[in-house]
Amino acid sequence: LDTGLGLLLPEGDNSNGMTRRERTLLQIATFLKRELPVRLARRVVELKALPEGLDQMPSVNRVREWYEQSFVEIRSFPTPSNVSEEAKFADLLHRIYERHAPTL
């Protein structure tokens with residue numbers, strides 16, 4: 001997968017003043033903004049579809065609620081289009097990672 005390696009970025013296109021690294025980070029952020037909500041939604045559906053009893057366990061509900069909260073936070077965040085927005089999105093992802101750390 002070339003996404004995130006900067007291989008999809010045009011060579012020498014630096015018209016917006018960003019370095020190749022900054023453009024690569026922006027490309028990664030755009031991919032994650034699009035892909036993470038899909039993956040989180042799938043996990044929520046899977047947790048809701050657990051056999052009867054398991055889906056009502058407090059620990060399962062807590063994890064499902066974390067996934068739902070993360071889904072909403074990512075979907076509510078604007079798609080990063082510059083270095084500053086990418087940094088803020090990275091901070092959001094870090095907070096989400098910390099929230100989900102106990103389940104990893």
Side-chain angles (χ1 to χ4, degrees):
L1 182 67
D2 293 335
T3 301
L5 299 177
L7 301 176
L8 301 177
L9 299 171
E11 198 65 44
D13 178 9
N14 199 13
S15 59
N16 53 7
M18 289 192 293
T19 66
R20 184 173 186 87
R21 181 179 188 283
E22 291 169 339
R23 292 184 299 139
T24 299
L25 290 173
L26 195 57
Q27 183 183 32
I28 293 167
T30 302
F31 171 78
L32 292 174
K33 168 79 166 95
R34 183 180 62 245
E35 187 64 25
L36 285 177
V38 173
R39 295 180 186 206
L40 290 166
R42 287 182 180 154
R43 296 304 159 260
V44 168
V45 169
E46 290 170 357
L47 290 172
K48 286 182 176 181
L50 287 173
E52 193 169 326
L54 285 177
D55 62 335
Q56 298 303 316
M57 292 178 60
S59 57
V60 172
N61 282 330
R62 183 176 40 239
V63 170
R64 181 183 45 77
E65 289 168 358
W66 288 344
Y67 287 171
E68 290 170 344
Q69 180 181 356
S70 298
F71 174 89
V72 169
E73 289 175 352
I74 293 170
R75 293 282 295 155
S76 299
F77 198 93
T79 300
S81 61
N82 59 50
V83 175
S84 174
E85 290 173 0
E86 184 279 326
K88 291 176 185 173
F89 186 68
D91 287 341
L92 170 66
L93 294 182
H94 180 73
R95 289 191 307 273
I96 289 171
Y97 177 83
E98 292 298 320
R99 177 186 315 134
H100 293 250
T103 65
L104 302 177

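Everything numeric in this text was worked out from a predicted model, so none of it was measured.
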Which pairs would a plain distance check flag for residues 51-60, meaning a side-chain donor or acceptor within less than 3.5 Å of a matching protein atom at least two apart in sequence or in another chain?
from : atom 1 : to  : atom 2 : distance (Å)
D55  : OD1    : G53 : N      : 3.2

Spacing of CG belonging to L92 relative to CG belonging to L36, to within rounding of 0.5 Å: 9.5 Å
Reported CZ-to-CZ distance for the pair R23 and R20, which is rounded to 0.5 angstrom: 6.0 Å
E68 and R64 ion-paired at < 4.0 Å: yes
For the student: nearest non-hydrogen atoms of P102 and W66, plus distance: CG-CH2, 4.1 Å
Worked check of salt bridge (Lys or Arg N to Asp or Glu O under 4.0 Å) between E46 and R43: CA-CA 5 Å; E46 290 170 357; R43 296 304 159 260; 3.3 Å; yes
Short side-chain donor-acceptor distance under 3.5 Å, E73 and Q69: yes
Whether Y67 and H100 hold their rings parallel, tilted or perpendicular, with breakpoints at 30° and 60°: parallel
Transitive ILVMFWY side-chain link L40 to V45, under 4.5 Å: no
L26 CG to E22 CD distance, which is reported to the nearest 0.5 Å: 9.5 Å
Value rounded to 0.5 Å, distance of CG in L25 from CG in L32: 10.5 Å
Pair Y97-L93, side chain to side chain contact (heavy atoms under 4.5 Å, CB included): steps then yes or no: CA-CA 6 Å; Y97 177 83; L93 294 182; over 6 Å; no
Gap between atom CD of E86 and atom OG1 of T24 - 0.5 Å precision: 10.5 Å
Spacing of I96 atom CD1 and I74 atom CD1 [to the nearest 0.5 Å]: 4.0 Å
Under 3.5 Å: donor-acceptor pair, side chain of E85, backbone of S81: yes
R99 atom CZ, over 12 foreign heavy atoms within 6.0 Å: yes
